[in-house]
Amino acid sequence: MSKVKDMSLAGEGRKKIDWVQRHMPVLEHIKADFKEKKPFKGIIIGSCLHLEPKTINLGLTLLEGGAEVAMTGCNPLSTQDDATAAGASMGLNMYGWREETTEEYYETIHKVLDHKPDILIDDGADMIFLVHKERPELIENIIGACEETTTGIHRLKAMAEDKALKFPVIAVNDAYTKYLFDNRYGTGQSTFDSIMGSTNMLIAGKTVVVCGYGWCGRGIAMRADGLGANVIVTEIDPIRALEAKMDGYRVMKVEEAVKHADLLLTVTGNIDVIKEEHFKVMKDGCILANSGHFNVEINKNDLLKMSVKHEQIKSDIEGFVMEDGRTLYLLADGRLVNLAGERGQGHPAEIMDMSFAVQAQSAKYLLGANLENKVYKAPDEIDDMVAKLKLKAMNIEIDELTPRQIEYIENWEEGT
(Lines give C-alpha, C1' and ligand atoms only; values in the text may rest on other atoms or scores of the structure.)
Protein backbone atom coordinates (compact mmCIF):
# COMPACT_ATOMS: atom_id res chain seq x y z
CA MET A 1 0.00 0.00 0.00
CA SER A 2 1.83 3.11 -1.22
CA LYS A 3 1.19 6.52 -2.75
CA VAL A 4 4.19 7.81 -4.69
CA LYS A 5 4.68 9.98 -7.76
CA ASP A 6 5.74 7.46 -10.40
CA MET A 7 6.39 3.74 -9.93
CA SER A 8 8.21 3.60 -13.28
CA LEU A 9 11.13 5.33 -11.51
CA ALA A 10 11.75 2.31 -9.30
CA GLY A 11 14.59 0.93 -11.42
CA GLU A 12 16.63 4.14 -11.12
CA GLY A 13 15.88 4.27 -7.41
CA ARG A 14 17.14 0.73 -6.89
CA LYS A 15 20.48 1.64 -8.48
CA LYS A 16 20.85 4.48 -5.99
CA ILE A 17 19.93 2.21 -3.09
CA ASP A 18 22.43 -0.42 -4.27
CA TRP A 19 25.12 2.29 -4.31
CA VAL A 20 24.48 3.55 -0.78
CA GLN A 21 24.28 0.01 0.59
CA ARG A 22 27.87 -0.52 -0.57
CA HIS A 23 28.87 2.44 1.60
CA MET A 24 26.80 1.62 4.70
CA PRO A 25 28.60 -1.44 6.14
CA VAL A 26 27.44 -0.94 9.73
CA LEU A 27 23.78 -0.85 8.76
CA GLU A 28 24.30 -3.84 6.47
CA HIS A 29 25.77 -5.76 9.42
CA ILE A 30 22.74 -4.89 11.53
CA LYS A 31 20.43 -5.80 8.65
CA ALA A 32 21.96 -9.28 8.48
CA ASP A 33 21.52 -9.71 12.23
CA PHE A 34 17.91 -8.52 12.05
CA LYS A 35 17.20 -10.88 9.16
CA GLU A 36 18.33 -13.82 11.27
CA LYS A 37 16.70 -12.85 14.58
CA LYS A 38 13.53 -10.99 13.43
CA PRO A 39 13.33 -8.69 16.50
CA PHE A 40 10.44 -6.70 15.00
CA LYS A 41 8.18 -9.63 14.11
CA GLY A 42 4.59 -8.44 14.53
CA ILE A 43 5.68 -4.81 15.02
CA ILE A 44 4.54 -1.89 12.86
CA ILE A 45 7.02 0.96 12.46
CA GLY A 46 6.01 4.35 11.07
CA SER A 47 8.64 6.88 10.04
CA CYS A 48 8.73 10.53 9.00
CA LEU A 49 12.21 11.05 7.51
CA HIS A 50 13.84 12.57 4.45
CA LEU A 51 12.85 10.14 1.71
CA GLU A 52 16.08 9.40 -0.16
CA PRO A 53 18.14 6.27 -0.81
CA LYS A 54 19.94 6.12 2.54
CA THR A 55 16.65 6.41 4.44
CA ILE A 56 15.06 3.74 2.28
CA ASN A 57 17.94 1.48 3.32
CA LEU A 58 17.01 2.06 6.96
CA GLY A 59 13.44 1.07 6.12
CA LEU A 60 14.68 -2.10 4.40
CA THR A 61 16.77 -2.94 7.48
CA LEU A 62 13.69 -2.74 9.70
CA LEU A 63 11.72 -4.73 7.14
CA GLU A 64 14.33 -7.51 7.27
CA GLY A 65 13.86 -7.48 11.04
CA GLY A 66 10.25 -8.58 10.58
CA ALA A 67 8.54 -5.18 10.84
CA GLU A 68 5.78 -3.79 8.71
CA VAL A 69 7.22 -0.42 7.70
CA ALA A 70 5.35 2.70 6.57
CA MET A 71 7.38 5.76 5.58
CA THR A 72 6.70 9.39 4.68
CA GLY A 73 8.82 12.50 4.24
CA CYS A 74 9.69 15.14 6.81
CA ASN A 75 10.35 17.87 4.23
CA PRO A 76 8.32 18.47 1.04
CA LEU A 77 11.43 19.35 -0.96
CA SER A 78 13.78 16.57 0.12
CA THR A 79 11.91 13.56 -1.27
CA GLN A 80 13.54 11.72 -4.19
CA ASP A 81 10.75 10.20 -6.23
CA ASP A 82 12.86 7.40 -7.68
CA ALA A 83 13.86 6.32 -4.16
CA THR A 84 10.26 6.21 -2.93
CA ALA A 85 9.22 4.19 -5.98
CA ALA A 86 12.05 1.75 -5.32
CA GLY A 87 11.09 1.45 -1.67
CA ALA A 88 7.49 0.70 -2.60
CA SER A 89 8.67 -1.99 -5.04
CA MET A 90 10.78 -3.60 -2.30
CA GLY A 91 8.03 -4.09 0.27
CA LEU A 92 7.87 -0.76 2.09
CA ASN A 93 4.67 1.25 2.41
CA MET A 94 5.73 4.58 0.92
CA TYR A 95 3.77 7.84 1.06
CA GLY A 96 5.25 11.01 -0.38
CA TRP A 97 6.55 12.86 -3.41
CA ARG A 98 8.74 15.88 -4.05
CA GLU A 99 7.07 19.31 -3.82
CA GLU A 100 4.07 18.27 -1.77
CA THR A 101 1.74 21.04 -0.70
CA THR A 102 1.41 21.69 3.03
CA GLU A 103 -1.93 19.89 2.96
CA GLU A 104 -0.42 16.88 1.18
CA TYR A 105 2.51 16.82 3.60
CA TYR A 106 0.21 16.27 6.57
CA GLU A 107 -2.02 13.94 4.55
CA THR A 108 0.90 11.58 3.98
CA ILE A 109 1.82 11.61 7.67
CA HIS A 110 -1.76 10.60 8.44
CA LYS A 111 -1.44 7.81 5.85
CA VAL A 112 1.47 6.37 7.83
CA LEU A 113 -0.43 6.75 11.10
CA ASP A 114 -3.36 4.88 9.55
CA HIS A 115 -1.15 1.78 9.80
CA LYS A 116 -1.39 2.15 13.62
CA PRO A 117 2.36 1.97 14.27
CA ASP A 118 3.83 0.55 17.47
CA ILE A 119 7.08 2.55 17.08
CA LEU A 120 7.65 5.95 15.46
CA ILE A 121 10.90 7.13 13.88
CA ASP A 122 10.81 10.89 13.36
CA ASP A 123 12.96 13.72 12.03
CA GLY A 124 11.82 17.07 13.41
CA ALA A 125 9.04 15.57 15.59
CA ASP A 126 6.13 16.51 13.28
CA MET A 127 4.73 12.97 13.35
CA ILE A 128 5.04 12.73 17.12
CA PHE A 129 3.27 16.07 17.55
CA LEU A 130 0.53 15.09 15.10
CA VAL A 131 -0.18 11.94 17.10
CA HIS A 132 -0.51 13.96 20.31
CA LYS A 133 -2.62 16.68 18.71
CA GLU A 134 -4.84 14.90 16.18
CA ARG A 135 -4.50 11.12 16.64
CA PRO A 136 -4.51 10.58 20.43
CA GLU A 137 -6.38 7.29 19.97
CA LEU A 138 -3.10 5.79 18.73
CA ILE A 139 -1.06 6.69 21.82
CA GLU A 140 -2.14 3.72 23.93
CA ASN A 141 -0.50 1.25 21.55
CA ILE A 142 2.69 3.21 20.83
CA ILE A 143 5.68 1.66 22.58
CA GLY A 144 7.87 4.69 21.96
CA ALA A 145 9.65 6.77 19.36
CA CYS A 146 13.11 7.70 18.09
CA GLU A 147 13.93 11.30 17.12
CA GLU A 148 16.71 12.13 14.66
CA THR A 149 17.36 15.87 14.93
CA THR A 150 18.49 18.59 17.33
CA THR A 151 15.37 20.63 16.53
CA GLY A 152 13.05 17.73 17.26
CA ILE A 153 14.79 16.92 20.53
CA HIS A 154 14.44 20.51 21.74
CA ARG A 155 10.70 20.40 21.05
CA LEU A 156 10.23 16.99 22.68
CA LYS A 157 12.17 17.93 25.80
CA ALA A 158 9.89 20.95 26.16
CA MET A 159 6.90 18.61 25.87
CA ALA A 160 8.34 16.28 28.50
CA GLU A 161 9.04 19.21 30.80
CA ASP A 162 5.37 20.22 30.52
CA LYS A 163 4.25 16.61 31.15
CA ALA A 164 2.65 16.60 27.70
CA LEU A 165 4.70 13.73 26.25
CA LYS A 166 2.65 10.53 26.30
CA PHE A 167 5.28 7.93 25.39
CA PRO A 168 9.08 7.62 25.72
CA VAL A 169 11.40 8.97 23.04
CA ILE A 170 15.00 7.99 22.34
CA ALA A 171 17.07 11.05 21.42
CA VAL A 172 19.05 9.44 18.61
CA ASN A 173 20.51 12.88 17.86
CA ASP A 174 22.23 12.86 21.26
CA ALA A 175 24.18 9.69 20.53
CA TYR A 176 27.88 10.46 20.11
CA THR A 177 28.10 8.46 16.88
CA LYS A 178 25.28 10.62 15.54
CA TYR A 179 25.94 14.24 16.40
CA LEU A 180 29.75 14.17 16.46
CA PHE A 181 29.77 12.86 12.89
CA ASP A 182 26.37 13.43 11.24
CA ASN A 183 25.91 16.98 12.50
CA ARG A 184 29.51 18.05 12.03
CA TYR A 185 30.97 16.18 9.06
CA GLY A 186 27.67 15.41 7.34
CA THR A 187 26.11 18.86 7.58
CA GLY A 188 29.38 20.60 6.78
CA GLN A 189 30.03 18.70 3.56
CA SER A 190 26.48 18.29 2.31
CA THR A 191 25.63 21.97 2.82
CA PHE A 192 28.43 23.09 0.55
CA ASP A 193 27.83 20.24 -1.90
CA SER A 194 24.32 21.62 -2.44
CA ILE A 195 25.20 25.33 -2.45
CA MET A 196 28.10 24.98 -4.88
CA GLY A 197 26.08 22.65 -7.10
CA SER A 198 23.21 25.14 -7.29
CA THR A 199 25.15 28.40 -7.56
CA ASN A 200 28.52 27.37 -9.08
CA MET A 201 30.00 30.03 -6.79
CA LEU A 202 33.57 30.18 -5.58
CA ILE A 203 33.79 29.95 -1.80
CA ALA A 204 37.45 30.95 -1.50
CA GLY A 205 37.81 34.62 -0.63
CA LYS A 206 34.13 35.02 0.28
CA THR A 207 32.92 36.11 3.70
CA VAL A 208 30.70 33.35 5.05
CA VAL A 209 28.55 34.10 8.09
CA VAL A 210 27.46 31.08 10.13
CA CYS A 211 24.60 31.76 12.53
CA GLY A 212 24.88 29.20 15.32
CA TYR A 213 27.91 27.25 16.53
CA GLY A 214 26.37 23.98 17.62
CA TRP A 215 27.72 20.80 16.06
CA CYS A 216 26.12 21.59 12.70
CA GLY A 217 27.47 25.15 12.81
CA ARG A 218 30.92 23.86 13.71
CA GLY A 219 30.87 21.57 10.70
CA ILE A 220 29.77 24.32 8.32
CA ALA A 221 32.36 26.77 9.64
CA MET A 222 35.09 24.13 9.36
CA ARG A 223 34.21 23.34 5.73
CA ALA A 224 33.88 27.03 4.81
CA ASP A 225 37.31 27.66 6.29
CA GLY A 226 38.75 24.69 4.43
CA LEU A 227 37.38 26.08 1.17
CA GLY A 228 39.20 29.36 1.77
CA ALA A 229 36.38 31.52 3.10
CA ASN A 230 36.66 34.24 5.73
CA VAL A 231 34.33 32.91 8.44
CA ILE A 232 32.26 34.93 10.89
CA VAL A 233 30.23 33.17 13.59
CA THR A 234 27.25 34.53 15.51
CA GLU A 235 26.12 32.93 18.77
CA ILE A 236 23.97 33.44 21.86
CA ASP A 237 25.92 31.00 24.04
CA PRO A 238 29.06 32.56 25.59
CA ILE A 239 30.97 29.26 25.76
CA ARG A 240 30.27 28.39 22.12
CA ALA A 241 31.14 31.94 21.09
CA LEU A 242 34.45 31.64 22.92
CA GLU A 243 35.09 28.27 21.29
CA ALA A 244 34.44 29.77 17.84
CA LYS A 245 36.95 32.53 18.59
CA MET A 246 39.53 30.00 19.77
CA ASP A 247 38.90 27.97 16.60
CA GLY A 248 40.09 30.98 14.62
CA TYR A 249 36.84 32.62 13.50
CA ARG A 250 35.61 36.16 13.96
CA VAL A 251 32.66 36.36 16.35
CA MET A 252 30.15 39.20 16.37
CA LYS A 253 26.47 40.02 16.75
CA VAL A 254 24.15 39.20 13.87
CA GLU A 255 23.34 42.83 13.06
CA GLU A 256 27.02 43.54 12.46
CA ALA A 257 27.92 40.23 10.80
CA VAL A 258 25.24 40.48 8.08
CA LYS A 259 26.87 43.66 6.74
CA HIS A 260 29.92 41.62 5.70
CA ALA A 261 28.23 38.48 4.38
CA ASP A 262 28.65 37.20 0.82
CA LEU A 263 27.03 33.94 1.93
CA LEU A 264 24.98 33.62 5.10
CA LEU A 265 23.96 30.29 6.60
CA THR A 266 21.54 29.81 9.49
CA VAL A 267 21.84 26.66 11.58
CA THR A 268 20.23 27.45 14.94
CA GLY A 269 16.91 25.60 15.01
CA ASN A 270 15.16 28.83 16.03
CA ILE A 271 12.82 31.32 14.39
CA ASP A 272 13.50 34.76 12.86
CA VAL A 273 17.28 34.56 13.06
CA ILE A 274 17.46 36.72 9.93
CA LYS A 275 14.64 39.20 9.34
CA GLU A 276 13.76 42.68 8.08
CA GLU A 277 16.29 44.63 10.13
CA HIS A 278 19.06 42.42 8.76
CA PHE A 279 17.92 42.49 5.14
CA LYS A 280 18.11 46.29 5.23
CA VAL A 281 21.89 46.31 5.72
CA MET A 282 23.03 43.32 3.65
CA LYS A 283 25.33 43.71 0.68
CA ASP A 284 24.02 43.54 -2.87
CA GLY A 285 24.23 39.94 -4.05
CA CYS A 286 24.25 38.30 -0.61
CA ILE A 287 23.19 34.66 -0.77
CA LEU A 288 21.03 33.29 2.06
CA ALA A 289 20.66 29.63 2.94
CA ASN A 290 19.41 27.58 5.88
CA SER A 291 20.76 24.29 7.21
CA GLY A 292 18.41 24.15 10.20
CA HIS A 293 15.49 21.72 10.10
CA PHE A 294 12.55 24.07 9.48
CA ASN A 295 12.21 27.00 7.06
CA VAL A 296 11.66 29.53 9.84
CA GLU A 297 15.18 30.82 10.46
CA ILE A 298 15.23 33.20 7.48
CA ASN A 299 12.01 35.23 7.42
CA LYS A 300 10.89 34.94 3.81
CA ASN A 301 7.72 36.93 4.45
CA ASP A 302 9.87 39.93 5.37
CA LEU A 303 11.84 39.48 2.15
CA LEU A 304 8.64 39.41 0.11
CA LYS A 305 7.27 42.47 1.91
CA MET A 306 10.45 44.49 1.42
CA SER A 307 11.18 43.56 -2.21
CA VAL A 308 9.90 45.50 -5.20
CA LYS A 309 10.57 42.53 -7.47
CA HIS A 310 10.65 38.79 -6.80
CA GLU A 311 12.09 36.52 -9.46
CA GLN A 312 12.78 32.80 -9.75
CA ILE A 313 16.37 32.57 -10.97
CA LYS A 314 16.45 28.75 -10.92
CA SER A 315 14.18 26.16 -9.38
CA ASP A 316 16.00 26.57 -6.06
CA ILE A 317 17.26 30.18 -6.27
CA GLU A 318 14.98 33.19 -5.71
CA GLY A 319 16.01 36.81 -6.19
CA PHE A 320 14.52 39.63 -4.12
CA VAL A 321 15.17 43.12 -5.51
CA MET A 322 15.09 45.75 -2.78
CA GLU A 323 13.80 49.30 -3.22
CA ASP A 324 17.38 50.65 -3.29
CA GLY A 325 18.35 48.28 -6.13
CA ARG A 326 20.14 45.61 -4.08
CA THR A 327 19.30 41.98 -4.84
CA LEU A 328 19.32 39.31 -2.15
CA TYR A 329 19.18 35.64 -3.07
CA LEU A 330 17.44 32.85 -1.13
CA LEU A 331 18.28 29.20 -1.73
CA ALA A 332 15.82 26.29 -1.55
CA ASP A 333 12.92 28.36 -0.23
CA GLY A 334 14.80 28.77 3.06
CA ARG A 335 14.42 25.05 3.71
CA LEU A 336 17.15 22.59 4.65
CA VAL A 337 19.50 23.44 1.79
CA ASN A 338 21.55 20.22 1.82
CA LEU A 339 18.41 18.21 1.00
CA ALA A 340 15.91 20.71 -0.43
CA GLY A 341 18.34 22.27 -2.89
CA GLU A 342 18.18 21.13 -6.50
CA ARG A 343 21.56 19.43 -6.12
CA GLY A 344 21.10 18.43 -2.49
CA GLN A 345 21.61 14.77 -1.65
CA GLY A 346 21.87 15.01 2.13
CA HIS A 347 24.73 13.60 4.14
CA PRO A 348 27.15 11.09 2.62
CA ALA A 349 26.19 7.44 2.96
CA GLU A 350 29.23 6.76 5.17
CA ILE A 351 27.88 9.27 7.69
CA MET A 352 24.26 8.13 7.62
CA ASP A 353 25.56 4.59 8.10
CA MET A 354 26.22 5.44 11.74
CA SER A 355 23.13 7.60 12.29
CA PHE A 356 20.75 4.99 10.92
CA ALA A 357 22.55 2.19 12.72
CA VAL A 358 21.77 4.06 15.94
CA GLN A 359 18.15 4.51 14.77
CA ALA A 360 17.72 0.81 14.06
CA GLN A 361 19.29 -0.31 17.33
CA SER A 362 17.35 2.30 19.33
CA ALA A 363 14.09 1.06 17.85
CA LYS A 364 15.06 -2.46 18.90
CA TYR A 365 15.98 -1.17 22.38
CA LEU A 366 12.48 0.27 22.81
CA LEU A 367 10.98 -3.23 22.50
CA GLY A 368 12.54 -4.48 25.71
CA ALA A 369 12.72 -1.27 27.71
CA ASN A 370 10.24 -0.17 30.34
CA LEU A 371 10.63 3.59 30.09
CA GLU A 372 8.75 6.57 31.47
CA ASN A 373 7.30 9.24 29.20
CA LYS A 374 10.56 11.14 28.90
CA VAL A 375 13.32 11.84 26.38
CA TYR A 376 16.28 9.47 26.78
CA LYS A 377 19.74 9.48 25.23
CA ALA A 378 20.46 6.39 23.19
CA PRO A 379 22.20 3.86 25.46
CA ASP A 380 25.99 4.06 25.52
CA GLU A 381 26.28 0.40 24.55
CA ILE A 382 24.60 1.23 21.21
CA ASP A 383 27.10 4.04 20.66
CA ASP A 384 30.01 1.73 21.46
CA MET A 385 28.73 -1.03 19.21
CA VAL A 386 28.23 1.32 16.25
CA ALA A 387 31.69 2.88 16.71
CA LYS A 388 33.37 -0.53 16.88
CA LEU A 389 31.56 -1.78 13.79
CA LYS A 390 32.51 1.39 11.91
CA LEU A 391 36.17 1.04 12.86
CA LYS A 392 36.12 -2.61 11.78
CA ALA A 393 34.62 -1.65 8.43
CA MET A 394 37.45 0.88 8.00
CA ASN A 395 40.09 -1.75 8.87
CA ILE A 396 41.17 0.21 11.95
CA GLU A 397 42.32 -1.49 15.14
CA ILE A 398 42.67 0.29 18.47
CA ASP A 399 44.39 -0.48 21.74
CA GLU A 400 42.89 -2.01 24.87
CA LEU A 401 43.86 -1.44 28.47
CA THR A 402 45.95 -4.15 30.11
CA PRO A 403 44.69 -5.67 33.38
CA ARG A 404 47.43 -3.71 35.17
CA GLN A 405 46.24 -0.45 33.62
CA ILE A 406 42.63 -1.17 34.57
CA GLU A 407 43.68 -1.93 38.13
CA TYR A 408 45.68 1.31 38.25
CA ILE A 409 42.87 3.64 37.15
CA GLU A 410 40.35 1.92 39.42
CA ASN A 411 42.54 1.99 42.54
CA TRP A 412 42.23 5.43 44.11
CA GLU A 413 44.85 4.62 46.73
CA GLU A 414 47.63 4.02 44.21
CA GLY A 415 49.39 7.24 43.25
CA THR A 416 52.32 8.04 41.07
Electrostatic pair [X]-[Y], nearest N-O below 4.0 angstrom:
{"X": "Asp114", "Y": "Arg135", "value": "yes"}
{"X": "Asp33", "Y": "Lys37", "value": "yes"}
{"X": "Arg343", "Y": "Asp193", "value": "no"}
{"X": "Glu12", "Y": "Lys15", "value": "yes"}
{"X": "Lys31", "Y": "Glu28", "value": "yes"}
{"X": "Asp383", "Y": "Lys377", "value": "yes"}

State whether the number of non-hydrogen atoms from other residues, nucleotides or ligands found under 6.0 Å of [X] atom [atom1] is greater than 12.
{"X": "Ile396", "atom1": "CD1", "answer": "yes"}
{"X": "Glu161", "atom1": "CD", "answer": "no"}
{"X": "Gln345", "atom1": "CD", "answer": "no"}
{"X": "Tyr176", "atom1": "OH", "answer": "no"}
{"X": "Glu137", "atom1": "CD", "answer": "yes"}
{"X": "Lys116", "atom1": "NZ", "answer": "no"}
{"X": "Ile236", "atom1": "CD1", "answer": "no"}
{"X": "Lys245", "atom1": "NZ", "answer": "no"}

Go through the steps for Lys5 and Thr79 under the test side chain to side chain contact (heavy atoms under 4.5 Å, CB included), then give the verdict. CA-CA 10 Å; Lys5 188 171 186 176; Thr79 296; over 6 Å; no
For Glu52 and Thr55: C-alpha separation, side-chain torsions, deciding distance, then whether side-chain hydrogen bond (donor to acceptor under 3.5 Å, both in side chains) applies. CA-CA 6 Å; Glu52 45 86 29; Thr55 314; 2.9 Å; yes
Can you confirm whether the side chains of Thr191 and Ser291 place a donor and an acceptor under 3.5 Å from each other? yes
Looking only at side chains, do Asn75 and Asn295 share a donor and an acceptor under 3.5 Å apart? no
Shortest non-hydrogen contact from Val358 to Ala175? CG1-CB, 3.9 Å
Identify the heavy atoms of Phe294 and Gly124 that sit nearest to each other, and give their distance. CZ-O, 3.6 Å
Are side-chain heavy atoms of [X] and [Y] found at a separation under 4.5 Å?
{"X": "Asp174", "Y": "Lys178", "result": "no"}
{"X": "Met71", "Y": "Tyr95", "result": "no"}
{"X": "Asn230", "Y": "His260", "result": "no"}
{"X": "Tyr249", "Y": "Val208", "result": "no"}
{"X": "Val20", "Y": "His23", "result": "no"}
{"X": "Lys206", "Y": "Ile287", "result": "no"}
{"X": "Arg14", "Y": "Ser89", "result": "yes"}
{"X": "Phe40", "Y": "Leu367", "result": "yes"}

Any donor-acceptor pair under 3.5 Å linking the side chain of [X] with the backbone of [Y]?
{"X": "Glu235", "Y": "Tyr213", "answer": "yes"}
{"X": "Asn93", "Y": "Ser2", "answer": "no"}
{"X": "Arg98", "Y": "Ala340", "answer": "yes"}
{"X": "Glu372", "Y": "Lys374", "answer": "no"}
{"X": "Lys111", "Y": "Ala70", "answer": "no"}
{"X": "Asp316", "Y": "Leu331", "answer": "no"}
{"X": "Thr268", "Y": "Asn270", "answer": "yes"}
{"X": "Asp353", "Y": "Val26", "answer": "yes"}
{"X": "Asp302", "Y": "Glu276", "answer": "yes"}

Applying side-chain hydrogen bond (donor to acceptor under 3.5 Å, both in side chains) to Lys166 and Asn373, what does each step give before you reach the verdict? CA-CA 6 Å; Lys166 301 301 182 184; Asn373 297 338; over 6 Å; no
Using the salt bridge (charged side-chain N to carboxylate O under 4.0 Å, His left out) criterion, which residues pair with Arg155? Sequence neighbours excluded. Asp126
Between Asp123 and His293, is a side-chain hydrogen bond (donor to acceptor under 3.5 Å, both in side chains) present by the stated rule, with each step listed? CA-CA 9 Å; Asp123 187 319; His293 185 78; 3.2 Å; yes
Could you walk me through whether Arg326 and Phe279 pass the side chain to side chain contact (heavy atoms under 4.5 Å, CB included) check? CA-CA 10 Å; Arg326 291 174 302 121; Phe279 300 137; 5.8 Å; no
Which of parallel (below 30°), tilted (30 to 60°) and perpendicular (above 60°) describes His132 and Phe167? tilted
Would you sort out whether Asn338 and Gln189 count as a side-chain hydrogen bond (donor to acceptor under 3.5 Å, both in side chains), showing the intermediate values? CA-CA 9 Å; Asn338 63 339; Gln189 178 171 316; over 6 Å; no
Checking side chain to side chain contact (heavy atoms under 4.5 Å, CB included) between Leu92 and each of Leu62, Thr84, Val69, which is the one that passes? Val69
